[in-house]
Amino acid sequence: MQHSEPPAQAVDILVGGGGINGAGIARDAVGRGLSVLLVEKDDLAAHTSQWSSKLIHGGLRYLEHYEFRLVGEALAEREVLLRVAPHLIRPLQFVLPHEPHLRPKWMLRAGLFLYDHLGGWSGQKQTLPKSFAANLSATKSSNWGAGLRPQFGEGFVYSDAQVNDARLVVENAKDARSRGADIRVGTAFVGAKRVGDIWHATIKDAKTATVQTIHARAIVNAAGPWVKDLLAHIDTPATKETVKHIKGSHLIVPRVHDEPHAYILQNKDGRIVFVIPYFERFSLIGTTDVPVTDFAAPQITDDETQYLLDLANTYLARPLTREDIVSTYAGVRPLYDDGGDDPSAITRDYTLKLDHQEGGAPLLNIYGGKITTYRKLAEHAIEKLLPFFPNAKKPSWTDTPLQAGATAQSLIALCNEIQTRGISAGYAHRLVNRYGLAADQLATADMGEIFDETFSEAEIPYLRDHEWAQSAQAMLQRRTKTNLLASPATLPRIHAAIEQALTSQR
């Protein structure tokens, strides 16, 4: 079927890629008064951004690679993001069992001292508890060694934070849209060429096959693992920059202990693996570091599964088997190729490369990065583009909350208030942890069926109309994790309700 092409649309910035970096850049740019169009060929957070270790952290192990600036910036950002999205990011304490033959105590103490102070050296006040040595044996007041073998009697405790990664992407996109950004999901970046100081770009809607021309004063290539692929469709000289695609895989198992803390486990190969509380019933174990060339649909391998199980079982009192695995996932991190051979040692820092060809329209390519520093990456990206937009607002502003008025206290109050409407405590907590203050408009007397206290019929039109979710996978995996939380008996009925709602819209 042929579709007539809509008239060319003019924007200041065209962003290619709907992961955390693209969404963060769109939010920052539109908040400075620039017109923004973001296109994502699949779905928001469909790839790398939903398959992280779910942490906002400085990266304790990066200190061994002398990444002091990266760690300091990440620790400062950890504090900012706790204020920006308190419904999605929460403090989490980590226990590091001491293994004398791997790293001596003095080294761990020195590293944790730096970890406690690097973020504060930037001027950002650090509010999370500082690290301390801990007895891992159970006492009346603590059980820092819960679930561990009794041989692990000493260790250290430090602080970081946990994040709902895919929802953080969606919230940034929603905030950008509320300020005037045009967010198009299921729309591919086809190509672009410079015409003087304007880009003539082509985009294509996957559902309608409609092709449209975009006149953009700047392009930001935030395609993540596809950064080089997208660049190949832009008429500009080749660059020397490359990325290494590093796969990180995770296991989801039943909770290995009942305490609220996580573990960071050392392996004899020098790597570390996290065991993190995940929702109410699960533990998340990961990650691996495996170079790959096929990054479109990564899967965990048998070797990775065994690696994670073997390391976890070195520490856990009750060994895990493959039969314990509830689910697995793998994601590919597009790391800037700094020439190193060790995947674990490749920098997690980001690199921004500006191409403007002797005064022509600028192109900004984004390499690397991590979810913790997405906001600073976006800030630095816009700062690189500001010389081309002299009328844009100059000050950085994205340290303001994604939801005005959202604090830990306001979220608790809303959760309590929602329960007075006849909604169970379990589902009220899910709504608030999922949508923050927006849960107030969802939690009504007429929510339709509530499935297993995990998901309701009322969420379907909200996710479809307000969060760009156009499939059951978008709703149940990326935006709500209902695929994991609902019972196997209930999931088919949820899928049927979603399909009926989406079909009626078509």
Side-chain angles (χ1 to χ4, degrees), residues 20-21 24 52-86 89-98 102-134 155-163 165 168 261-266 270-274 276 287 289 333 335-336 338 340 342 344-352 367-381 383 396 398-399:
I20 189 61
N21 290 336
S52 75
S53 295
K54 323 298 183 187
L55 297 178
I56 298 295
H57 64 141
L60 181 61
R61 70 183 180 88
Y62 304 151
L63 293 176
E64 292 186 316
H65 302 295
Y66 309 107
E67 296 262 21
F68 300 122
R69 190 209 61 78
L70 173 63
V71 174
E73 179 176 274
L75 289 170
E77 279 298 286
R78 183 187 67 187
E79 291 289 337
V80 174
L81 295 180
L82 284 165
R83 300 191 304 270
V84 166
I89 302 170
R90 292 178 176 81
L92 179 65
Q93 288 186 293
F94 287 76
V95 174
L96 171 61
H98 182 227
L102 295 180
R103 291 174 177 88
K105 283 185 179 180
W106 69 263
M107 180 183 293
L108 296 176
R109 285 197 184 96
L112 289 169
F113 175 85
L114 280 173
Y115 205 71
D116 288 338
H117 292 87
L118 277 173
W121 291 343
S122 69
Q124 177 63 54
K125 181 181 179 182
Q126 301 292 289
T127 62
L128 297 186
K130 287 188 165 46
S131 62
F132 59 90
F156 297 88
V157 179
Y158 72 93
S159 298
D160 263 321
Q162 189 169 26
V163 62
D165 49 10
L168 186 63
H261 62 260
Y263 286 112
I264 175 172
L265 308 179
Q266 304 174 79
R271 295 200 66 256
I272 58 93
V273 164
F274 296 109
I276 304 165
T287 181
D289 277 314
R333 300 182 289 270
L335 304 182
Y336 182 71
D338 57 6
D342 180 2
S344 297
I346 299 173
T347 182
R348 266 56 176 175
D349 209 346
Y350 52 84
T351 298
L352 312 178
Y367 298 92
K370 49 185 282 189
I371 195 165
T372 303
T373 52
Y374 86 89
R375 194 193 67 86
K376 291 301 285 187
L377 181 154
E379 189 176 284
H380 292 152
E383 286 171 355
S396 171
T398 53
D399 57 353

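Fair warning: this is a prediction, and the values are worked out from it, not measured in the lab.
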Item to check | Residues that Arg90 engages under side-chain hydrogen bond (donor to acceptor under 3.5 Å, both in side chains), provided they are two or more places apart | outcome: Asn433
Checklist entry - Can you name the residues that form a side-chain contact (heavy atoms from CB on, under 4.5 Å) with Ala262, not counting sequence neighbours? => result Leu92, Phe94, Ile276, Pro277
Next on the checklist: Using modelled atom types and a 3.5 Å cut-off, is there a donor and acceptor pairing between side-chain atoms of Gln124 and backbone atoms of Glu77?
Outcome noted: no
Next on the checklist: Taking the side chain as everything from C-beta on, heavy atoms only, tell me whether Leu60 gets closer than 4.5 Å to Ile272.
Outcome noted: no
Item to check | Residues that Tyr66 engages under side-chain contact (heavy atoms from CB on, under 4.5 Å), provided they are two or more places apart | outcome: Phe68
Item to check | Check: Pro129 main-chain N/O paired with Ser159 side-chain donor or acceptor under 3.5 Å | outcome: yes
Next on the checklist: Rounded at 0.5 Å granularity, tell me how far OH in Tyr374 sits from CG in Asp165.
Outcome noted: 12.0 Å
Checklist entry - Got a sec, which residues hit side-chain hydrogen bond (donor to acceptor under 3.5 Å, both in side chains) with Thr373, two or more places apart in sequence or on another chain? => result none
Item to check | Residues in salt bridge (charged side-chain N to carboxylate O under 4.0 Å, His left out) contact with Glu64, at least two apart in sequence or another chain | outcome: Arg103
Checklist entry - What distance do Tyr350 atom OH and Glu73 atom CD have between them, rounded to the nearest 0.5 Å? => result 3.5 Å
Item to check | Set of residues satisfying side-chain hydrogen bond (donor to acceptor under 3.5 Å, both in side chains) with respect to Tyr62, sequence neighbours excluded | outcome: none
Checklist outcome for this item: Taking every heavy atom of Ala133 against every heavy atom of Phe156, the minimum-distance pair comes out as CA-CD2, 3.8 Å
Checklist entry - Is the shortest heavy-atom distance from the side chain of Leu96 to the side chain of Gln266 under 4.5 Å? => result yes
Item to check | Minimum-distance pair of heavy atoms, taken over all atoms of Thr372 and Ile56 | outcome: OG1-CA, 3.4 Å
Next on the checklist: According to salt bridge (charged side-chain N to carboxylate O under 4.0 Å, His left out), who are the partners of Lys130, at least two apart in sequence or on a separate chain?
Outcome noted: none
Show me the donor-acceptor pairs within less than 3.5 Å that the side chains of residues 111-121 make with the rest of the protein, sequence neighbours left out.
from: Tyr115; atom 1: OH; to: Gly58; atom 2: N; distance (Å): 2.9
from: Tyr115; atom 1: OH; to: Gly59; atom 2: N; distance (Å): 3.2
from: Tyr115; atom 1: OH; to: Asp160; atom 2: OD1; distance (Å): 3.0
from: Tyr115; atom 1: OH; to: Asp160; atom 2: OD2; distance (Å): 2.7
from: Asp116; atom 1: OD1; to: Ser131; atom 2: N; distance (Å): 3.2
from: Asp116; atom 1: OD2; to: Ser131; atom 2: N; distance (Å): 3.2
from: Asp116; atom 1: OD2; to: Ser131; atom 2: OG; distance (Å): 2.7
from: His117; atom 1: ND1; to: Phe113; atom 2: O; distance (Å): 2.8

Checklist entry - Closest approach of Leu377 and Gly369, non-hydrogen atoms and distance? => result CD1-CA, 4.4 Å
Item to check | Contacts of Glu379 that satisfy salt bridge (charged side-chain N to carboxylate O under 4.0 Å, His left out) - sequence neighbours left out | outcome: Arg375, Lys376
Item to check | Residue list, ring-ring contact (aromatic ring centres under 6.0 Å, His included) with His98, at least two apart or on another chain | outcome: none
Next on the checklist: Could you work out, with side-chain contact (heavy atoms from CB on, under 4.5 Å) as the rule, every residue matching Ala85, not counting sequence neighbours?
Outcome noted: His87, Leu88, Ile89, Leu168, Leu402
Next on the checklist: Glu79 vs Arg83, test: salt bridge (charged side-chain N to carboxylate O under 4.0 Å, His left out). Steps then yes/no.
Outcome noted: CA-CA 7 Å; Glu79 291 289 337; Arg83 300 191 304 270; 5.2 Å; no
Checklist entry - How far does CG of Leu352 sit from OH of Tyr367, to the nearest 0.5 angstrom? => result 10.5 Å
Item to check | By side-chain contact (heavy atoms from CB on, under 4.5 Å) - contacts of Thr287 (at least two apart) | outcome: Ser53, His250, Arg271, Arg333
